[in-house]
Amino acid sequence: STQSRSSAASDVYKRQVDDCSRNGACTTGQRCECRVGWTGHACQQLDVAPVERQRMGFRSREDGHNVSTWGGAILPLGASGKNFAMIASEITNQCGMSSWCPNSQVVLALSGRNTSVDAGGNDNDAAAGPYAKSTVLFHHFSHEPSVAVDAHDGRIAMFFTARRPATRQLCTSCADGVTMGPCEGATQQCCPDTDATWLTIAKSVHGPWTEPVVVLNGTGSDTNLSPLILANGSLIAVWRSFAPTTSHPWFGSKLHLLTATKWDDPATYRPHADVNIFPTLGSPTNFGGAEDPFLWQDSRDGVFHVVLHNM
């Protein structure tokens, strides 16, 4: 049988109210009391804290000029809770985000006590930043790094989109974090970007990182892969593919699960590309879909959550 989009949306709404989206408890008055960090009538919305733009996050600079960055996976350094690392995409040649492909590279930035940056205030501020660039981990073209940590031995798994070796012409008509004009022969090579997703492993964010290996390829686009290593050493991840839609011949982002029995053995990876886990966000006739998932597991009850961009 088939189910209309409006009917499916109604069922989702009812389920959210019935279980408070698993982010709270339903009271006797049929109202949701949300856990810290969640809000909304069904605890379905993140309750985010305000951001101090001038102090938080990662603002890359080069000779006093702005450098564009994208994303940022944050990891604690050591057990003190005072030092943190961020692995992020940085756009070279002071170009803007429109030149992410082919100009992106993966960099390491640091924040906190006993690093090159002092976050100021109390120690809890260090996770929020500011972060300062430490080094380049993988040169262009490398993009959208995401990380997961094996709790048993502390090894770090980093996944990223890359073209290895780099063959694209870089964009150079840029200044102060802005692409000033057309980049002949550069950005046209990335519509869409169809490069593979790679895995590299290290015991420390400072490396050494293993030689990257391909874990996903032929997906029609960069995969935005968001990984989670489970206690038994298996892996679960959310990733996206591109496929044609009725209205747009190449633009349609769909989300899938990836599973692996051993996170450090790509031979065990299963992409489950035939299942769109959010079908109402990427139906065959719907332009857009969803992208940029971030997956995590609530330590209190084991519930999995994912936030994403609806396109």
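Note that the structure is predicted; figures quoted are calculated from it, not measured. Quick note: numbers below take in every heavy atom, side chains included, and nothing from hydrogens, waters or symmetry partners.
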Problem - Gamma sulfurs of Cys34 and Cys20 within less than 2.5 Å - result: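 Between Cys20 and Cys34 there is no disulfide, given that their SG atoms are not under 2.5 Å apart.
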
Is it the case that the side chains of [Y] and [X] hold a donor-acceptor pair, with the cut-off being a distance below 3.5 Å and no angle test?
| X | Y | value |
| --- | --- | --- |
| Ser21 | Asn23 | no |
| Ser234 | Thr261 | no |
| Ser226 | Ser146 | no |
| Glu144 | Asn224 | yes |

Exercise for the section: Applying side chain to side chain donor-acceptor pair (under 3.5 Å) between Glu291 and each of Lys254, His309, Arg240, report the one that passes. Expected result: Arg240

Flag side-chain contact, heavy atom, 4.5 Å: [X] against [Y]:
| X | Y | answer |
| --- | --- | --- |
| Thr197 | Phe160 | no |
| Ile156 | Trp209 | yes |
| Val106 | Val136 | no |
| Arg155 | Val149 | no |
| Phe242 | Thr194 | no |
| Leu235 | Phe159 | yes |
| Val238 | Phe294 | no |

Exercise for the section: Take Asp150 and Lys203, measure what salt bridge (charged side-chain N to carboxylate O under 4.0 Å, His left out) needs, and give me the verdict at the end. Expected result: CA-CA 10 Å; Asp150 188 327; Lys203 294 182 179 180; over 6 Å; no

Between the main-chain N or O of [Y] and the side-chain N or O of [X], is there a donor-acceptor pair closer than 3.5 Å?
| X | Y | answer |
| --- | --- | --- |
| Ser111 | Ala126 | yes |
| Arg163 | Ala166 | no |
| Ser253 | Ala290 | yes |

First locate atom [atom1] of [X], then atom [atom2] of [Y], and finally report the distance between them rounded to the nearest 0.5 Å.
| X | Y | atom1 | atom2 | answer |
| --- | --- | --- | --- | --- |
| Asp176 | Cys95 | CG | SG | 11.5 Å |
| Thr167 | Gln169 | OG1 | CD | 11.0 Å |
| Leu216 | Asp222 | CG | CG | 11.5 Å |

Handout entry: Asp264 and Lys262: CA distance, side-chain angles, deciding distance, salt bridge (charged side-chain N to carboxylate O under 4.0 Å, His left out) verdict
Key = CA-CA 6 Å; Asp264 56 356; Lys262 297 180 179 179; over 6 Å; no

Handout entry: Derivation of the salt bridge (charged side-chain N to carboxylate O under 4.0 Å, His left out) call for Arg168 and Asp195
Key = CA-CA 12 Å; Arg168 295 189 182 101; Asp195 294 322; 2.9 Å; yes

Practice task
Give a yes or no on whether the ring-centroid distance for Trp38 and His305 is below 6.0 angstrom.
Solution key: yes

Practice task
Using the test ring-ring contact (aromatic ring centres under 6.0 Å, His included), find all partners of His65 that sit at least two apart in sequence or belong to another chain.
Solution key: none

Problem - Steps toward salt bridge (charged side-chain N to carboxylate O under 4.0 Å, His left out) verdict (Arg35, Asp298) - result: CA-CA 11 Å; Arg35 292 174 175 171; Asp298 194 321; 3.2 Å; yes

Exercise for the section: Indicate the atoms forming the closest heavy-atom contact of Phe138 with Pro212, along with that distance. Expected result: CE2-CG, 3.6 Å

Exercise for the section: Evaluate the ring planes of His143 and Trp70, with Trp represented by its six-membered ring, and classify them as parallel (under 30°), tilted (30 to 60°) or perpendicular (over 60°). Expected result: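 Parallel, since the angle between the ring planes stays under 30°.
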
Exercise for the section: Might you confirm whether atom CZ of Arg31 has over 12 heavy atoms from other residues, nucleotides or ligands at distances under 6.0 Å? Expected result: no

Problem - Verdict with reasoning, Glu90 to His140, per side-chain contact (heavy atoms from CB on, under 4.5 Å) - result: CA-CA 9 Å; Glu90 180 186 70; His140 65 83; over 6 Å; no

